[in-house]
Amino acid sequence: MMTQHAGVVRRTMIALAITAAFPLQAMAQEAAPAAAETPAAVPAPAPAGAGQLETVIVTAQRRAENIKDVPMSIATLKGDKLDVLTAGGADIRFLNSRSPSVSVESDYGRTFPRFYIRGLGNTDFDLNASQPVGLVMDDVVMENAMLKGFPVFDVDQVEVLRGPQGTLFGRNSPAGVIKFDSAKPVFKTEGYLSGGLGKDGLKNVEGAFNVPVSDTVALRFSGQTQRRDDRVHNPRPTGTRDFEGYEDSAARLQVLVKPTRDFSALFNVHARNLDGTATLFRANILKQGGNDLVDGFDYGNYPTDGINRQHLKTKGGSMRLKWDLPGVTLHSITGYEKLDFFSRADVDGGYGAVYAPPMGPGFIPFVVETADVIPNHKQISQEFRAESSAKGPLQWIGGLFYFKEDIRIDSISFDSLAPGNPQSPNYATQNQSSKSYAAFGSLNYTVSDALKLRAGVRYTRDEKDFSAKRVEATTAGPFPLSDTSHNVSWDLSGTYVLTPSTNAYARVATGYRAPSMQGRLNGLADRPSFAGAEKALSVEAGIKQDLFDKRARLSLAVFEYRVKDKQLTAGSGAVNMNQLINADKVTGRGVELDFQANLSDSLSMTLGGSYNHTQIQDKSLFVQSCGNAQNNPASGCTVTDPVGPFRGTAYIDGNPLPRAPEWQGNFTLKYSIPVANGEFYAYTDWAYRTSYNFFLYEAKEYKAKELLEGGLRAGYKWDRYELSAYGRNITNRIQALGAIDFDNLTGIINEPRTYGVQFKATF
């Protein structure tokens with residue numbers, strides 16, 4: 001049953017949608033041109049009129065469509081906004097809070113990003129963890145989180161699709177999909193080269209070169225290399241001495257072959273090589289009884305006795321074939337990905353222990369230093385899709401999808417205070433083989449010039465075989481797990497044209513995530529854990545408008561969802577491992593707003609915001625709370641949930657999902673003016689989010705403070721050149737984004753202020 005509070009929130013969201021939409025609709029009608037657009041027509045990308053916003057074309061429904069005509073909550077990032085957000089060597093976490101309802105974080109630094117949409121994500125740090133948010137890069141699903149961190153360069157557009165996806169392409173994603181489309185080869189010579197220098201010895205070089213080889217073959221090579229010096233120092237004589245430097249290089253080669261008008265083949269090969277240090281876990285930086293950093297915290301100082309290093313190599317390729325036949329278009333998308341990963345870090349975040357003084361900072365009950373390794377990984381995927389291309393009120397898409405992934409994970413234990421490292425034998429291994437088969441299809445029907453309806457369905461079969469073992473003086477395991485699951489998901493949606501400039505839409509969709517298995521065994525008595533499949537039902541409705549003769553654009557959505565048997569990741573008290581569990585139900589509801597406008601010939605802005613209220617609903621569900629309270633109550637965390645049935649446990653019924661802020665907002669403002677023979681511009685961007693819980697349980701120390709971060713860029717463009725200066729996190733706001741809860745009050749903090757200059761030349 002819905003609580004009184006939830007009912008009030010829902011009524012409030014509906015009221016907001018109505019009151020916000022219809023006054024704007026009236027203004028839009030006053031400003032609309034005399035000649036009405038044809039609602040049924042799909043707009044072609046065309047230059048915008050004077051002062052008008054450029055028409056945004058998306059492929060969320062596998063057809064090129066005006067974003068206004070797509071019956072789902074969707075946002076895009078491209079052009080200047082994308083360039084600004086990636087300035088200063090930012091990795092894919094730049095997306096965090098830059099689109100309504102979207103969060104991105106990582107416990108591994110520039111690798112292993114974890115995505116959240118509308119509060120739905122996965123905090124699991126195991127390297128085989130599945131995520132309810134899908135990431136699709138150049139039409140290929142990137143399953144493992146290490147693949148999802150591929151650097152963003154020479155990208156044409158990023159699309160954020162909110163809500164369950166799966167009846168049109170790729171894998172079933174119950175929370176949504178983030179879709180990256182690289183700039184494709186074209187039959188003309190063009191390119192760009194950009195270089196930058198910044199704080200902490202930052203060097204960034206990026207470029208692309210496109211050339212037609214013949215009338216039927218074109219290629220595009222693009223690449224990026226980034227380097228930063230170490231900026232954190234260990235004052236002690238033990239362990240790694242300097243941290244947070246990296247060298248990160250990636251490249252992509254695409255070859256387009258178009259021998260006839262009706263056939264094309266696009267080949268893509270790409271690779272990445274990252275060397276650097278892992279995330280710094282900083283011991284006892286959180287004040288007991290609150291979520292402030294301790295007095296005198298120094299970002300550049302990190303005393304430790306552990307070794308910290310990280311490397312990641314990925315490589316892959318894809319082949320996309322397209323045939324245009326009479327009345328139908330055929331697609332074949334073949335993808336291959338492989339990675340090699342090693343990450344070692346001092347998880348206790350300090351030096352020494354109670355049995356090996358001196359120790360610090362603060363209380364260190366025991367040494368925790370581990371390495372996580374993926375020595376073997378391979379992913380292949382194949383999609384066949386057919387879609388109608390003849391004119392008519394009925395359009396259709398049908399397809400088949402196959403996915404296979406094999407992965408091995410090693411977790412190795414170290415102890416810098418004992419002779420011999422690693423502590424051999426002292427490790428755990430996991431092997432997992434996953435297969436997924438799916439058939440999907442959708443129908444689009446134009447009932448009238450004003451009304452379009454869409455229905456989709458997907459059948460999925462998932463197979464997973466898993467085993468884990470622990471090796472110490474003796475061996476425990478292997479312990480096998482296996483599962484085969486089936487699912488039918490569907491969606492129904494419709495778009496109604498209220499006026500030539502205003503569309504209303506509604507969508508009901510279901511989603512599914514296959515069962516998960518994990519086995520980061522901490523001791524000989526541990527066993528792998530298992531979480532059954534989760535199923536989501538989502539309802540949303542919204543308004544999309546062009547305003548003031550297309551000088552402004554608004555998208556407003558309200559949504560509500562329910563996830564049954566939601567997969568969650570719980571800590572294991574005073575040991576460094578996770579445990580998979582299922583909650584009976586998780587609910588969420590909220591509002592999303594996207595707005596952009598050209599305020600004048602010189603001034604433009606974007607504004608986005610979201611409210612997401614999530615709640616775990618399972619009265620019997622309890623989890624292990626912070627182990628540091630058991631190790632040393634005088635310096636442990638302060639749990640505010642009801643006490644569970646066993647020592648060190650807490651009930652979590654009614655808690656919000658972890659890493660799920662209720663409010664998020666983003667804002668950009670650009671000013672530009674002609675100067676001499678060029679253009680001067682200034683661009684500022686800001687992102688805000690409220691607090692959130694780090695873990696499933698609530699504790700005063702393990703709750704992120706609200707955060708406002710801003711950036712600034714100013715530059716001058718002339719001919720084919722651009723010179724600019726930038727700053728990121730310009731207020732230098734530093735606070736905890738995450739924590740380690742089994743050992744001590746260890747925190748993970750955000751990036752400090754950085755700044756630099758860039759020069760870009762195009763040809």
Side-chain angles (χ1 to χ4, degrees), residues 105 107 114 121-126 279-294 297 345-350 352-354 359-370 518 520 522-523 526 529 568-581 583 616 618 621-660 691-705 735-749:
E105 51 88 13
D107 286 351
R114 299 185 292 210
N122 187 1
T123 61
D124 194 344
F125 56 77
D126 268 354
T279 293
L280 297 186
F281 308 113
R282 297 171 181 256
N284 296 304
I285 65 168
L286 303 172
K287 281 186 178 180
Q288 189 177 30
N291 56 357
D292 290 325
L293 298 181
V294 295
F297 172 76
D346 188 9
V347 186
D348 64 71
V354 292
M359 66 175 178
F363 181 72
I364 310 289
F366 49 83
V367 171
V368 186
E369 187 182 346
T370 63
Q518 86 173 201
R520 178 192 286 262
N522 189 68
D526 290 330
S529 62
L568 299 173
T569 301
S572 297
V575 294
N576 182 24
M577 61 181 295
N578 287 335
Q579 183 173 350
L580 298 172
I581 57 176
I616 300 169
D618 190 331
L621 189 60
F622 62 91
V623 298
Q624 295 268 9
S625 58
C626 45
N628 48 49
Q630 303 171 45
N631 294 325
N632 184 27
S635 61
C637 79
T638 310
V639 179
T640 58
D641 285 322
V643 177
F646 307 104
R647 180 177 180 269
T649 63
Y651 285 108
I652 62 172
D653 179 57
N655 284 358
L657 289 171
R659 311 269 184 162
S691 64
Y692 57 79
N693 289 337
F694 295 158
F695 307 108
L696 293 174
Y697 62 89
E698 292 193 332
K700 293 181 179 180
E701 296 82 0
Y702 295 143
K703 182 181 273 303
K705 298 173 71 69
Q735 64 185 58
L737 301 181
I740 303 296
D741 70 338
F742 64 84
D743 196 356
N744 47 49
L745 292 172
T746 294
I748 302 167
I749 58 179

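FYI, side chains are in, hydrogens and waters are out, and symmetry mates aren't considered; it's all heavy atoms of this structure.
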Heavy-atom distance under 4.5 Å between the side chains of [X] and [Y], does that happen here?
X: Asn291; Y: Leu286; answer: no
X: Phe622; Y: Pro645; answer: yes
X: Val347; Y: Asp743; answer: no

Looking at [X] and [Y], what are the two nearest heavy atoms and their distance?
X: Ser691; Y: Ala704; answer: CB-O, 2.6 Å
X: Gly349; Y: Pro361; answer: O-CD, 4.3 Å
X: Ile364; Y: Gly350; answer: CD1-CA, 4.3 Å
X: Thr123; Y: Arg114; answer: O-NH1, 2.6 Å
X: Asp641; Y: Ala650; answer: CB-CB, 3.9 Å
X: Gly571; Y: Asn578; answer: CA-OD1, 4.3 Å

Do [X] side-chain atoms and [Y] backbone N/O form a donor-acceptor pair below 3.5 Å?
X: Asn284; Y: Phe363; answer: yes
X: Tyr702; Y: Tyr697; answer: no
X: Glu701; Y: Gly289; answer: yes
X: Ser625; Y: Gly648; answer: yes
X: Tyr651; Y: Asp618; answer: no
X: Gln288; Y: Gly636; answer: yes
X: Asp348; Y: Val368; answer: yes

Looking at Asp126 and Arg520, does any basic side-chain N land under 4.0 Å from a carboxylate oxygen?
yes
Quick check for you: to the nearest 0.5 Å, what is the distance between [X] atom [atom1] and [Y] atom [atom2]?
X: Asp346; Y: Phe281; atom1: CG; atom2: CZ; value: 9.5 Å
X: Glu105; Y: Phe694; atom1: CD; atom2: CZ; value: 10.0 Å
X: Asp741; Y: Phe695; atom1: CG; atom2: CZ; value: 4.0 Å
X: Leu568; Y: Gln579; atom1: CG; atom2: CD; value: 11.5 Å
X: Leu696; Y: Ile652; atom1: CG; atom2: CD1; value: 4.5 Å
X: Ile285; Y: Leu745; atom1: CD1; atom2: CG; value: 9.5 Å

Under a 3.5 Å threshold, yes or no: a donor from one side chain and an acceptor from the other, between Asp124 and Gln518?
yes
Going by atom types only, do Asn693 and Asn655 share a side-chain donor-acceptor pair under 3.5 Å?
no
Would you say that more than 12 heavy atoms from the other residues, nucleotides or ligands in this model lie under 6.0 Å from the NZ of Lys700, or not?
no
Pick from Thr638, Thr640, Val639: which one makes a side chain to side chain contact (heavy atoms under 4.5 Å, CB included) with Glu698?
Thr640
Does the pair Leu580 and Thr569 meet the rule for a side-chain contact (heavy atoms from CB on, under 4.5 Å), with working shown?
CA-CA 5 Å; Leu580 298 172; Thr569 301; 4.0 Å; yes
Would you sort out whether Met359 and Val354 count as a side-chain contact (heavy atoms from CB on, under 4.5 Å), showing the intermediate values?
CA-CA 7 Å; Met359 66 175 178; Val354 292; 4.0 Å; yes
